Amino acid sequence: MDEKYFAKKIEAKWQKKWAESGAFAASEDGSKPKYYQLEMLPYPSGNLHMGHVRNYSVGDAVAWFKRLKGFNVLHPIGWDSFGQPAEDAAVKRGVNPRDWTEENIVSMRGQLQRLGLSYDWSREIAAHRPEYYKWDQWFFLKMFEMGLAYKRKTQVNWCEHDQATLSNEQASGGLCWRCGNPVTKKELEQWFLKTTAYADQLLDDMAAIESGWPAHVIKRQRDWIGRSEGAFVDFKVKDSEEKVRVFTTRIDTIYGANAIVAAAEHPLISANKAEFSTEVNAKIDEIITERNKPTDRETEIEKDGIDTGLKAINPFSGEELPIWVGNYVMMEYGTGAVMSVPAHDERDFEFAKKFELPIRQVISEPHLAHEHHTMHALALEVPFTDKGVLVHSDFWNGKTSEDAKSEMTKHAAVHGFGEAATTYRLRDWGVSRQRFWGSPIPIVYCDACGTVPVPIEELPVELPENAPITGTGESPLAKVSEFFNTKCPKCSGPATRETDTMDTFVDSSWYFFRYLDPNNAEKPFDNTKAAYWTPVDQYIGGDDHAVMHLIYARFWSKVMRDIGLVEFDEPVHRLLTQGMVVGETFYDDSTGKRKYFSQVDVTIERDEKGKIISATGTDGTVLKHAIERMSKSKGNGVDPDEMVEIYGADATRLFVLFAAPVDNELVWHEAGIEGAVRFLQRVWRFVFKWRDTLRSATRDAGTEELTPAAKKLLQKTHQTIKRVEDALDTLQFNTPVAAMMELTNSLYEAQIEPEAATGSEKAAVHESVNALITMLTPFAPHTAEELFSAIHGSDEGMIVGGAKFPVYRSELAASDEIEIAVQINGKLRSRISAPAGAANAELERLAMADPKIVEHISDQTVVKVVVVPNRLVNIVVR
RNA sequence: GCCGGAGUGGCGAAAUUGGUAUACGCACCAGACUCAAAAUCUGGCGGGGGCAACCCCAUGUCGGUUCGAGUCCGACCUCCGGCACCA
């Protein structure tokens, strides 16, 4: 056994031992409580980045902590291995996407293993393998059967740069989520999954998980689903049998309507195009063209529109209203038409101002309502969007907005021109991709039978070996005739296969259930295994997946529940989103050009405080210092492999956990990681100094009286146990490291030497060191294992050896004497020492007797004394 | 524009949830060891004043509540995220 800390050697040793002993292999075991620790699975790009290291270090700390606390822990990992980069590689370098992906998995698996992450590798899965994607197809067919998967013609979001269709989520803000280029529109037949069927459940079930999820994720999901309660109202079109239906949340404002504004794509508009003037049609076309242009989210689009000449009748007032086309009304939301009430809506107000339409106030602030009865409509300077009391609304005058809403909705329903309605922002999930590297959609098209699902026995529909991948946007599968041409499962006549593949978010919507039963050939997973392990106890990943992935995964679970695979509503009880890892970048200040330097190439000059005065490159250029997201192009990325090679996996992981709270951004500072190494070495040196003594010493001091040093050390030890345990329970990883550093400092400061120690001191050091090592395991497992074996004289490892998290004993953590702060008028003036648990009167007496206090209050009157037991005495004087 | 979150040393950050602000680490300074350097160890390290014991000021700004406020309340400033014509 080496007495010098040599990370590489012990890390390789323990990684081997863990693998050989199957230390992290999980199985259903009713004798222990289960714990499912999950981290978001990586895309196999070929290289781990520091964001992965942070995500997985945090997850591993939780997994180890729960293991040491006696849980049966499942901690799996796999690969989100379908997706575009594999096709890009195929286009650029002519490689086979499968080979490229498999090679990347091999290299990244090696990286994860060198970090010593405690995964159950026997459960590893990869989405691109037929054994996995077979079940994507199985689920698709189930949803098809249930009417949850359907096909329709639609405008899709199209990224010209990536030559790919994108979901609404992926095209959020008019920019491609992957490459950031503008998104355009294209018309295609697409498969959809009916997420909207679960909109209410997705929204309402959040109440049950709210306490375990970050507030910002809950909020974003609520916004995303965007439920809105209101009413549909039908307006008759004058001189026609047609009606135009609007959605409104403010039916109470209907007497203030001055127009109906429809989307340019509205069916009523298309149907009447022949009737419109050329000017009107030109404007309609212009609006459609403008809308299909890439949207720039910085500039607000100016309101535009035109009066079509059509008229509608307000069913409440009987008033005739012009029907306009407006660029601010979207066909995709509500009914594609609105009643414009400029007095009480910002957008309608702006529109009315621009086109000089009448603005009529029909809602008043309650205290002004009476005046309005006698006055004519007045022009508002700004729209009044609050609720209030109805005015200029005939029969409804004087009613509150709330009452009017429900009564007017009922009125509309009774008279057959409206009904209560709920709309959602959430859209159905378009899953079709004109791509090769994804799960084929298991559908066959037959001239005789139409759209036919592939029978479940015939799954998987496998991807062909060779397909021409050109990146041009047509599905490569259409060009592989042995795939494309097939027989109809129903009539055996000639048929063709669906050539689109599924969005990769399908794979990640249910992967964490496949870990439970990765080799099942009959079903996606066994119900009883799922019942044992799920829901996931703790899920950890980046908050870039706060909406898409986490809404799809929740949707998928609800579908699985309805199929009878699981029995719960929500798959994830607790969610943690870790912050980004950012790097330092040094720009060339004189040219501002793209000349970047890594930290090692830079000479930094600081003032006596340590503040950076200037930074200079090795070639003498003056550099500007910036903290930015790590990326290859900025040259500020850090290679995890390099860190592990230089400092070791333990130090790398320890630093990542210690450097910042887990949900904060983490600035990578190479000097910081050296601090982590120093700490580990400090622990190491102490343990080896004591190794031989500890091996023969007992942790039980027996009846021997504790020396003051031993007592103090035990106090610090048990205080630390509590701090570390509480922190880990609440998912804090920086403060427990600080606590362990303090304990290490205390071990040195105790100045107990192995040769001179008494029996009780040896026992105290033994207990302290043992606790420290065990608590260190979630943060630096290799070092902890090596030190544990050093003092126990056994190489079997903590898992096999049944190591447990140290047990906190409050009676040992408490000290007899406590320092009490003494304040005068809230200002700290002195500190006194008092017995723990001393009575308030006693504390007051001691404080008043303190010489410093006596001097301070000598010429003043004591008005009041506040005593906080075990904490402070505050003397109020005048 | 709307909705969130956050402002504490040179830096990353702590603070028992209203009770001794700045723990722990990084950087920096000094000392010990050394021929020397590295490593390690010891000490210092918010600002100002004083020989000193000590005193004054300080948690973005201004006010409030309280015996006592980084923490609670009100207004404002700044930064970071999210959403953006959702009717």
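Predicted model, so just to flag it, every value in this text is computed and none were measured. The basis for the numbers below is simple: all heavy atoms, side chains too, and nothing from hydrogens, waters or symmetry mates. Letters A, B, ... mirror the listed sequences (proteins, then strands); counts begin at 1.
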Note to self: Without decimals, in angstroms, what is the distance between A:L654 CG and B:C24 P?
What the structure shows: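 My rounded result for the distance is 16 Å.
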Item checked: A:I225 CD1 - B:C3 P separation (whole Å) ->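 Spelled out: CD1 on A:I225 to P on B:C3 is 20 Å.
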Notebook entry, point to check: Using the C1' atom in both, what is the distance from B:G64 to B:G18, to the nearest Å?
Noted result: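 The same atom, C1', in both gives a distance of 16 Å.
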Margin query: For B:C3 and A:H216 - does any side-chain N or O of the residue sit under 4.0 Å from the phosphate oxygens OP1/OP2?
Written below: no
Next item on the list: Using atom CG of A:L843 as one end and atom P of B:G19 as the other, report the distance to the nearest whole Å.
Entry: 17 Å
Next item on the list: Please work out if A:D223 contacts a base, only the sugar-phosphate, or nothing of the nucleic acid, heavy-atom cut-off 4.0 Å.
Entry: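 Nothing, no nucleic acid heavy atom in range.
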Notebook entry, point to check: Below 4.0 angstrom from OP1 or OP2 of B:C86, is there any side-chain N or O of A:T249?
Noted result: no
Margin query: Classify A:N745 by what it touches in the nucleic acid, base, sugar-phosphate, or nothing, heavy-atom distance under 4.0 Å.
Written below: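 Answer is sugar-phosphate: A:N745 comes under 4.0 Å of backbone atoms only.
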Notebook entry, point to check: Which whole number of Å gives the distance between the C1' atom of B:U65 and that of B:C80?
Noted result: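 Those two atoms are separated by 31 Å.
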Check: Taking the side chain of A:L828 as its heavy atoms from C-beta onward, which of B:A21, B:U40, B:G19 lies nearest to it?
Finding: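 Closest nucleotide among those given: B:A21.
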Next item on the list: Would you tell me if any nitrogen or oxygen in the side chain of A:N664 comes within less than 4.0 Å of OP1 or OP2 on B:G12?
Entry: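 A:N664 to B:G12 OP1/OP2: no side-chain N or O under 4.0 Å.
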Check: Using the benzene-type ring in the case of Trp, are the ring centres of A:F779 and A:F658 under 6.0 Å apart?
Finding: no
Next item on the list: If the plane angle is over 60° it's perpendicular, under 30° parallel, otherwise tilted; pick one for A:F247 and A:Y333.
Entry: perpendicular
Notebook entry, point to check: Touch check for A:V667, heavy atoms < 4.0 angstrom, all strands: base, sugar-phosphate only, or nothing?
Noted result: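 Here A:V667 touches no strand at all.
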Margin query: Looking only at side-chain N and O atoms, does A:E670 offer a donor or acceptor that is under 3.5 Å from a partner on A:Y647?
Written below: yes
Item checked: Rounded C1' spacing from B:G82 to B:G63 in Å -> 32 Å
Next item on the list: Using whole Å, report how far CD of A:E665 lies from P of B:G81.
Entry: 8 Å
Notebook entry, point to check: Which one, B:C26, B:C41, B:A87, comes nearest to the side chain of A:R685?
Noted result: B:C41
Notebook entry, point to check: What distance, rounded to whole Å, do you find between the two P atoms, one in B:C62 and one in B:A13?
Noted result: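 My reading of the P atoms in B:C62 and B:A13 gives 25 Å.
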Checklist line | Atom P, compared across B:G31 and B:G81: separation rounded to whole Å | finding: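 Taking atom P in both B:G31 and B:G81, they lie 45 Å apart.
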Check: Would you call the rings of A:F355 and A:W324 parallel, tilted or perpendicular, where under 30° means parallel and over 60° means perpendicular?
Finding: tilted
Checklist line | Same-atom distance (C1') from B:U22 to B:C45, integer angstrom | finding: 12 Å
Check: If only side-chain N and O atoms of A:R347 are considered, is one of them under 4.0 Å from the OP1 or OP2 phosphate oxygen of B:C86?
Finding: yes
Item checked: N/O (side chain, A:R829) to phosphate O (OP1/OP2, B:C56) under 4.0 Å ->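 For A:R829, the contact criterion (side-chain N or O under 4.0 Å from OP1 or OP2 of B:C56) is met.
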Margin query: Under 4.0 Å from OP1 or OP2 of B:A84: is there any side-chain N or O of A:R425 that close?
Written below: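 Checking A:R425 against B:A84: at least one side-chain N or O falls below 4.0 Å of OP1 or OP2.
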Item checked: Presence of donor-acceptor pair under 3.5 Å, side chain of A:K303 and base of B:C85 -> yes
Note to self: Just to be sure I understand the rule, does A:V876 reach a base, reach only the sugar-phosphate, or reach nothing, if contact means heavy atoms closer than 4.0 Å?
What the structure shows: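 Since only primed, P, OP1 and OP2 atoms lie under 4.0 Å of A:V876, the category is sugar-phosphate.
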Next item on the list: Would you kindly give the CE-to-P distance between A:M741 and B:C24, to the nearest whole Å?
Entry: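 The distance from CE of A:M741 to P of B:C24 comes to 11 Å, rounded to the nearest Å.
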Margin query: Distance check needed: B:C41 C1' versus A:K689 NZ, whole Å only.
Written below: 11 Å
Notebook entry, point to check: Would you call A:R227 and A:D200 a salt bridge, taking side-chain N to carboxylate O under 4.0 Å as the test?
Noted result: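 Yes, A:R227 and A:D200 are salt-bridged.
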Next item on the list: Among the candidates B:C85, B:U20, B:C41, find the nucleotide nearest to the side-chain atoms of A:R682.
Entry: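 Nearest to the side-chain atoms of A:R682, counting from C-beta on, is B:C41.
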Next item on the list: Output the single nucleotide from B:C24, B:U20, B:A87 whose closest atom is nearest the side chain of A:R831.
Entry: B:U20
Check: Salt bridge between A:E286 and A:K283, side-chain N to carboxylate O under 4.0 Å?
Finding: yes
Item checked: Closest listed nucleotide, where the reference is the side chain of A:V866 and the choices are B:A15, B:C24, B:G19 ->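 So the side chain of A:V866 is nearest to B:G19.
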Check: A:A738 has a side chain; which of B:A87, B:C55, B:C24 sits nearest to it?
Finding: B:C24
Notebook entry, point to check: Would you say B:G82 has OP1 or OP2 under 4.0 Å from some side-chain N or O of A:K219?
Noted result: no
Check: With sugar-phosphate meaning primed atoms plus P, OP1 and OP2, does A:V261 contact a base, only sugar-phosphate, or nothing at under 4.0 Å between heavy atoms?
Finding: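 Touches nothing.
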Next item on the list: Give one of base, sugar-phosphate or nothing for A:R723, where a contact means two heavy atoms less than 4.0 Å apart.
Entry: nothing
Checklist line | Nucleotide nearest A:T248 when distance is taken to its side chain, options B:G19, B:A87, B:C24 | finding: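 The nucleotide sitting nearest to the side chain is B:A87.
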Notebook entry, point to check: Can you tell me how far C1' of B:A53 sits from NZ of A:K852, to the nearest Å?
Noted result: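 Distance check: A:K852 NZ to B:A53 C1' gives 9 Å.
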Next item on the list: Indicate the ring-plane relationship of A:H545 and A:H549, choosing parallel, tilted or perpendicular according to the 30° and 60° boundaries.
Entry: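 Ring orientation of A:H545 relative to A:H549: perpendicular.
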Next item on the list: Determine the contact category for A:E332: base if any of its heavy atoms lies under 4.0 Å from a base atom, sugar-phosphate if only primed atoms, P, OP1 or OP2 are that close, otherwise nothing.
Entry: nothing
Margin query: With rounding to the closest Å, how many angstrom separate the P atoms on B:C41 and B:C26?
Written below: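 Per the computed distance, 10 Å lies between those P atoms.
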Next item on the list: Give A:M740 one of three labels, base, sugar-phosphate or nothing, depending on what nucleic acid heavy atoms sit under 4.0 Å from its own.
Entry: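 Result for A:M740 = nothing.
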Check: B:U20, B:C24, B:A15: which one has an atom nearest the side-chain heavy atoms of A:A821?
Finding: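 Closest nucleotide among those given: B:U20.
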Check: Does NZ or CZ of A:R360 fall inside the cone over A:Y255's six-membered ring, less than 6.0 Å from its centre and within 45° of the axis?
Finding: no
Next item on the list: Please determine if a side-chain N or O atom of A:N734 lies less than 4.0 Å away from the OP1 or OP2 oxygen of B:A14.
Entry: yes
Check: How about A:D348 and A:Y328: does a side-chain donor come under 3.5 Å of a side-chain acceptor?
Finding: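 Yes - a donor-acceptor pair under 3.5 Å links their side chains.
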Item checked: Whole-Å P distance, B:G44 and B:A6 ->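 To the nearest whole Å, 35 Å.
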Item checked: Nearest-nucleotide 5' precedence on RNA chain B, A:E742 against A:Y424 -> A:E742
Notebook entry, point to check: Of the nucleotides B:A14, B:C11, B:G19, which has the atom closest to the A:T735 side chain?
Noted result: B:A14
Next item on the list: Please state whether the phosphate of B:C86, meaning OP1 or OP2, lies under 4.0 angstrom from any side-chain nitrogen or oxygen of A:R427.
Entry: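 Checking B:C86 against A:R427, no side-chain N or O comes under 4.0 Å of OP1 or OP2.
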Check: In terms of side-chain heavy atoms, does A:E819 have a donor or acceptor partner in A:S833 at a distance below 3.5 Å?
Finding: no
Item checked: Closest nucleotide among B:G19, B:A14, B:U40 to the A:Q681 side chain ->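 Comparing B:G19, B:A14, B:U40 against the side chain of A:Q681, the answer is B:U40.
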Next item on the list: Using atom NZ of A:K864 as one end and atom P of B:G19 as the other, report the distance to the nearest whole Å.
Entry: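 Atom-to-atom, A:K864 to B:G19, this comes out as 17 Å.
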Next item on the list: Would you please confirm or rule out a distance under 4.0 Å between OP1 or OP2 of B:G81 and any side-chain N or O of A:R220?
Entry: no
Next item on the list: Would you classify A:G226 as touching base, sugar-phosphate or nothing, given that sugar-phosphate means primed atoms plus P, OP1 and OP2, and contacts are heavy atoms under 4.0 Å?
Entry: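 Contact class for A:G226: none.
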